[in-house]
**Q** 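Mind looking over this structure? Questions follow.
Whatever order the structure lists ligands and atoms in, that order sets their numbers, starting from 1.
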Amino acid sequence: MNVLVLNAGSSSLKFQVISTEPDRIAKDSDERLIRGEVERIGGEAIVTMQSHGGERQKTTAQLRDITAAIRHLVAANGQEDIEAVGHRIVHGGERFTESVLITPEAVKGIEDCIDLAPLHNPTNLRGIAAATEVFGRKIPQVAVFDTAFHSTLPEHAYLYAIPYHLYRRHGIRRYGFHGTSHRYVAHRYRQLRALAREQTNVITLHLGNGCSAAAIRGGRSVDTSMGMTPLEGLVMGSRSGDLDPTIVNVIATKEGLSIEQVETLLNTHSGLLGISGLTNDKRVLLEESAMHEDHRVRAAIDVFCYRVRKYIGAYLAAMGGADAVVFTGGIGENSPAIRQQICEGLEWAGLRLDRERNQALAGSEGAITADGSTLMGYVIPTDEELLIARDTVRIIRGVPHPS
Ligand code: ADP
């Protein structure tokens, strides 16, 4: 079955076409037919497309909205090929604990979660509406939620210590995000080590533009660093991560900003960008710091790595120990220097980095620790789209979820 995987953003659409079937999943013989992205939807859009084994092609087209963008990519590839659509949906609240077939009821459920993700869920819903418009109701669609994998968090990990009625009334609790990525790398880790799901005890670190850590015990997420929104936890490209909530009021008062403006500042002008004053791009920061000493660039990198290490320690305590730390995401997969700095000083926990192994891994999969380490380190490139395609085909074929 050819599954079109869609990740609809406010002005962009990431897509892949993946051919898969339940019996091919076990053999890892899924096939990626097309991948690409449409950026700047709403005007002269930039379309990047790469078909299996082909060259990456970049073109421009006048694309008014997501519907026009989907029509454009279907026209370029042939509609009869698409047999199902899988959507990445950011927030499933407490209602969606796993992927679901998209029905009018499911759409209503995603709408009910808009309050929790006012920026993301509406764009995701526009993606569903656009796919329905283009393909009609005959082609089944499936929703895969960023939050679902973390629905197994125990109460002591998801409750904030604020008046309980605020949780009841407004759903204020930790939900966690990047769930599809954490789930994928945990799955891949146990495949690499030939373990059963119940034997999977790992700390997964998704370090990309957004960054989050997850504590996975017995194959289930038992804690994660992002909270009610993706702002909490690790330092990110432009998000602050953890801070004292009083700071919001202090910034608003001292800088004459509204609460909304402070929220924007914490989401888009903070993190690596905020400290360095230069960029949210880790690669650029590393190049800068290699070329000349800049205190703020160094501080941005140091704060970032220290926060990750602190979470590793916290999750080791939360889980009663782990077997491995798994790095993924743009930074986690590609930056040996950052991995090394994070792992420095974790020897007490049994993590002994093998510098050569670590240096050799960029964008590929494998161990980065010395043989005999009791806490292993792995790099596993994430593949959220593959998991979305697999969930889609499993649900449509009626094959039970493996996890
Ligand atoms: P997203 O979270 O949006 O999916 P990615 O996982 O693609 O983002 O990660 C993007 C981040 O990865 C950027 O900050 C980029 O600078 C960083 N990155 C990519 N390659 C490298 C590299 N070789 N060294 C350091 N950082 C890198």
**Q** Please list, chain by chain and in numerical order, all residues satisfying salt bridge (charged side-chain N to carboxylate O under 4.0 Å, His left out) with E94, sequence neighbours excluded.
**A**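 Result, salt bridge (charged side-chain N to carboxylate O under 4.0 Å, His left out) vs E94: R173.
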**Q** What does the 4.0 Å heavy-atom contact list look like for ligand 1?
**A**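 Residues H206, G208, N209, G210, N280, D281, K282, R283, L286, G329, G330, I331, N334, S335 each place a heavy atom under 4.0 Å from ligand 1, listed by chain and number.
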**Q** May I ask you to check whether S225 and E232 show a side-chain donor-acceptor distance below 3.5 Å?
**A**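 Side chains of S225 and E232: no pair found under 3.5 Å.
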**Q** Determine, stepwise, if the pair R298 / S276 fulfils side chain to side chain donor-acceptor pair (under 3.5 Å).
**A** CA-CA 8 Å; R298 191 70 252 161; S276 71; over 6 Å; no
**Q** Please list all pairs meeting ring-ring contact (aromatic ring centres under 6.0 Å, His included) that have one or both residues in residues 315-337, counting only residues at least two apart or in different chains.
**A**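 Matches after skipping sequence neighbours: Y311-Y315.
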**Q** Between T204 and H178, is there a side-chain donor-acceptor contact under 3.5 Å, judged purely by atom types and distance?
**A**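 T204 and H178 do not have a side-chain donor-acceptor pair below 3.5 Å.
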**Q** Sequence neighbours excluded, which residues qualify as ring-ring contact (aromatic ring centres under 6.0 Å, His included) partners of Y378?
**A**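 Testing Y378 for ring-ring contact (aromatic ring centres under 6.0 Å, His included), a comparison that skips the adjacent residues, returns Y189.
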